[in-house]
S.K.: 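Supplied in structure tokens, the structure appears directly below.
Computed from heavy atoms alone, side chains included, the values below leave out hydrogens, waters and symmetry copies. When a ligand or atom number is given, it counts from 1 through the structure's own listing order.
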Amino acid sequence: MKTILSLAIPAEVDTECLAVVVLDRSEKDRGAKDKPEVTAATNDGAVSAAAAEVIASGEVSGKLFEATLLHRPSKLKAKRLLLLGGGKTKDFTSSELRKLAGVAVRFLKPRGIRSLAFIAPEGIAAEEAVKAIVGGAFVGDFDPDTYRSDRKDQAVDAVTVVARGDQARLQRALDEARVVGESQNLTRDLANEPSNRMTPTILAERACKMAQEVGLKCEVYGAEKIKELKMGAFWGVAQGSDEPPALIVLRYEPADAPATPVLGLVGKGITFDTGGISIKPADGMEKMKYDMAGGAAMIGAMRAIAQIKPKVKVIAVICATENMPSGKAQKPGDVQIAMSGKSIEIINTDAEGRLVLADGLCYARQLGCTHLVDAATLTGAVVVALGYVNAGVFANNDEMYERFRQALEKSGEKFWRLPLDEEYKESIRSSIADIINSGGRWGGAVTAAMFLKEFAEDTPWIHLDIAGTAWMEEQKPWIAKGPSGIAVRSLVEFAKGFAG
Ligand code: BES
Ligand code: MN
Ligand code: ZN
């Protein structure tokens, strides 16, 4: 999808479709006597006038995500005018704007309209608006329809953002948002692929292809190196599968970056999670193809970082393998020695994500990472705790968490911090080894994080549990059902924050 910046007067923009946000300025909530006072969020009188008639008819309420398409709007160059309800003026932020850009794209796609021009609304700083519109348009443009012969040609080809302000700054914001949007969609594409078409080997190939395109170093190691590094926890999971595992390392080491900090991004790359010998029920097991969404998020983030070029070193480590039951598979009760030397009693082979991450975190530290972030579809328990709205974030260091919180403000993604009190450690004590790999049912997201904490050791670390948010269970007006690409935007902002 092409992205274009226009500083023209909206009425003068020659486009298939001009999109404008309409807001309800009335203060009181619905139900109260106050009548809606709907107006277009633009200073362009011609656009407001073109929208006025349909607004006056009462057909347009300004309700959030309402979309109304007008043909041949009078006194505008555009062929069509799309009115997008943004809700109440006082509640309208860049988060609503991002979603509205997705709504616009998803409204126009099935109607065969291939391009649009979106007016940056008054009331949101221009650079922020450009970023939200472009980012939201990419989110809306993605459909997981690769394997559907009937829907292949449906995409929007070009989005123009009509804004006012400093051209160079706005262009930079637009270019960066395009890079991040494309990268988030790469992550979604990887997560969407079924496990027969996204083996650890294929994931590694896709990572290397991306690396070549953007000028990153990519190394891929197989079973031999995993054993040589004494990654007993990672290998314990991989040993049960006929598909070879892949340890993927992506390096962004710009010459102008200081020697430290080195940011380490560690991703869970389980290309299919059957549960292993502790096998999962058949119902819903097909969804476990996206158990590599954390790894895919790291690949997407690295793609964006390579192009945005913050002055900070970043290394991604993705531990990719299937989790399969077989005659070679690890069994409950087995003890594995992790790369760090810690012994792990395997209570449940379905708690495999923390095993591959334990060695991934240890390896990232060995590679010189001074700050660690991992992302993983780690636990069903985080879905019980936070549902599908917020992802979980854990931190062993308040400064790291604060940096991440600041990144969230910029990315607009929703994460909620969960605790890591020492008391939880009791649940992962083993009678025969240093630690067990499952803390049982209660506080499952926390005990999984406590397990990882043991392998981050004294390195500042953040853990993102995206099990509930990496996959949209239902379509929304701004996003298709399927992989969400969660964490990519925040990881990019986080890396930028480290560059000062
Ligand atoms: N990949 C799953 C977690 C998951 C659940 C991801 C739902 C996406 C949606 C993970 O490997 C797993 O199986 N976790 C177990 C841990 C338990 C055995 C301690 C779980 O959450 O049930
Ligand atoms: Mn599992
Ligand atoms: Zn898993």
Side-chain angles (χ1 to χ4, degrees), residues 191-192 195 198 200 203 233-234 236-238 240-241 245 266-297 318-325 329-334 344-360 374-392 394 418 424 427-430 435-452 463-474 481-487:
N192 185 53
S195 74
M198 188 48 67
L203 184 64
F234 185 1
V237 179
S241 177
V266 182
K268 170 177 175 181
I270 301 295
T271 59
F272 196 80
D273 182 11
T274 65
I277 297 296
S278 314
I279 198 162
K280 288 181 182 293
D283 234 23
M285 201 204 272
E286 72 282 355
K287 283 176 54 191
M288 285 302 115
K289 69 173 187 175
Y290 78 85
D291 212 17
M292 33 59 76
I318 295 122
C319 300
T321 176
E322 293 183 330
N323 184 25
M324 296 290 283
Q330 68 177 348
K331 301 172 285 299
D334 286 2
I344 306 168
E345 183 185 0
I346 309 298
I347 290 293
N348 190 321
T349 64
D350 198 10
E352 85 297 341
R354 66 200 73 183
L355 296 174
V356 305
L357 289 173
D359 284 341
D374 77 71
T377 47
L378 200 65
T379 66
V382 85
V383 195
V384 175
L386 300 173
Y388 298 121
V389 176
N390 277 280
F394 300 82
L418 294 168
Y424 290 108
S427 326
I428 50 171
R429 207 171 283 147
S430 165
I435 192 171
I436 52 174
N437 80 326
S438 165
R441 184 156 173 214
W442 308 116
V446 181
T447 51
M450 287 301 289
F451 181 95
L452 296 179
H463 158 57
L464 309 176
D465 193 338
I466 58 172
T469 46
W471 195 266
M472 302 296 297
E473 295 293 328
E474 283 168 10
K481 175 178 171 172
S484 68
I486 181 82

S.K.: With heavy-atom distances below 4.0 Å as the criterion, list the atoms of ligand 1 near Thr377.
M.R.: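 Contacts of ligand 1 toward Thr377, numbered from 1: 1 (N), 2 (C), 3 (C), 6 (C).
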S.K.: Please determine, by modelled atom types, if Asp465 and Thr379 share a side-chain donor-acceptor pair under 3.5 angstrom.
M.R.: yes
S.K.: Output yes when a side-chain donor or acceptor of Asn437 lies under 3.5 Å from a complementary backbone atom of Ile347, and no otherwise.
M.R.: yes
S.K.: Taking Ser484 for the side chain and Thr469 for the main chain, is one N or O donor matched with an acceptor at less than 3.5 Å?
M.R.: yes
S.K.: I'd like to know if the side chain of Ser241 and the backbone of Ala238 have a donor-acceptor N/O pair within less than 3.5 Å.
M.R.: no
S.K.: Mind reading off the angle at the Zn ion (ligand 3) between the OE2 atom of Glu352 and the OD2 atom of Asp273, rounded to 10°?
M.R.: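 With the Zn ion (ligand 3) as the vertex, the angle is close to 90°.
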S.K.: What residue and atom, counting heavy atoms only, is the protein's closest point to atom 9 (C) of ligand 1, and at what distance?
M.R.: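 Protein heavy atom at minimum distance: Tyr290 OH, 3.4 Å.
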S.K.: Determine which of the N, O or S atoms in Asp291 is closest to the Zn ion (ligand 3) and give its atom name.
M.R.: OD2
S.K.: Without swapping roles, check the side chain of Asn323 against the backbone of Thr349 for a donor-acceptor pair under 3.5 Å.
M.R.: yes
S.K.: Return the residue, atom name and 0.1 Å-rounded distance of the protein heavy atom closest to atom 15 (C) of ligand 1.
M.R.: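 Of the protein heavy atoms, Asp350 O, 4.0 Å lies nearest.
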S.K.: With a 4.5 Å heavy-atom cut-off, do Phe451 and Ile344 have their side chains touching?
M.R.: yes
S.K.: Closest non-hydrogen protein atom to atom 20 (C) of ligand 1, residue and atom name please, with distance?
M.R.: Gly380 N, 3.8 Å
S.K.: In Glu352, what N, O or S atom is nearest to the Mn ion (ligand 2), if we give its atom name?
M.R.: OE1
S.K.: What residue and heavy atom of the protein are closest to atom 2 (C) of ligand 1, and at what distance?
M.R.: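 Of every protein heavy atom, Asp273 OD2, 3.6 Å lies nearest to atom 2 (C) of ligand 1.
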S.K.: Could you list the atoms of ligand 1 found under 4.0 angstrom from a heavy atom of Lys268?
M.R.: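 Going through ligand 1 atom by atom, the ones under 4.0 Å from Lys268 are 1 (N), 10 (C), 11 (O).
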S.K.: Heavy-atom contacts with Arg354 under 4.0 Å: which atoms of ligand 1 show up? List them by number with element.
M.R.: 16 (C), 19 (C)
S.K.: Would a 4.5 Å heavy-atom cut-off, applied to side chains only, mark Val237 and Ile270 as touching?
M.R.: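 Yes, side chains in contact.
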S.K.: Please tell me if the side chains of Ile277 and Pro332 come closer than 4.5 Å, counting only heavy atoms from C-beta onward.
M.R.: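 Ile277 reaches Pro332 side chain to side chain.
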S.K.: For atom 10 (C) of ligand 1, what's the nearest protein heavy atom and its distance?
M.R.: Leu378 O, 3.3 Å
S.K.: What protein heavy atom sits nearest atom 7 (C) of ligand 1, and how far away is it?
M.R.: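 Going by distance alone, atom 7 (C) of ligand 1 is nearest to Met288 CE, 3.9 Å.
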S.K.: Among protein heavy atoms, which lies nearest atom 18 (C) of ligand 1, and at what distance?
M.R.: Asn348 ND2, 3.4 Å
S.K.: With the threshold set at 4.0 Å, does a side-chain nitrogen-carboxylate oxygen contact exist between Lys289 and Glu322?
M.R.: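 Salt bridge flag = no for Glu322 with Lys289.
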S.K.: Note the single closest protein heavy atom to atom 19 (C) of ligand 1, along with its residue, its atom name and the distance in Å.
M.R.: Ser438 OG, 3.4 Å
S.K.: How does Lys280 reach ligand 1, if at all, at less than 4.0 Å between non-hydrogen atoms: by side chain, backbone, both, or neither?
M.R.: side chain
S.K.: Would you mind naming the N, O or S atom of Asp273 nearest to the Mn ion (ligand 2)?
M.R.: OD2
S.K.: State whether the side chain of Asp359 and the backbone N or O of Phe234 hold a donor-acceptor pair below 3.5 Å, judged by distance alone.
M.R.: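 Answer holds: yes.
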S.K.: By the definition side-chain hydrogen bond (donor to acceptor under 3.5 Å, both in side chains), identify the one residue from Asp291, Thr321, Asp374 that meets it with Lys268.
M.R.: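 Running side-chain hydrogen bond (donor to acceptor under 3.5 Å, both in side chains) over Asp291, Thr321, Asp374 with Lys268 returns exactly one hit, Asp291.
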S.K.: Suppose I only count heavy atoms of Glu352 and a 4.0 Å limit; which atoms of ligand 1 are within that range?
M.R.: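 By the 4.0 Å cutoff, the relevant atoms are 11 (O).
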S.K.: I'd like to know if the Zn ion (ligand 3) has an N/O/S atom from Lys268 within less than 2.8 Å of it, counting both backbone and side-chain atoms.
M.R.: yes
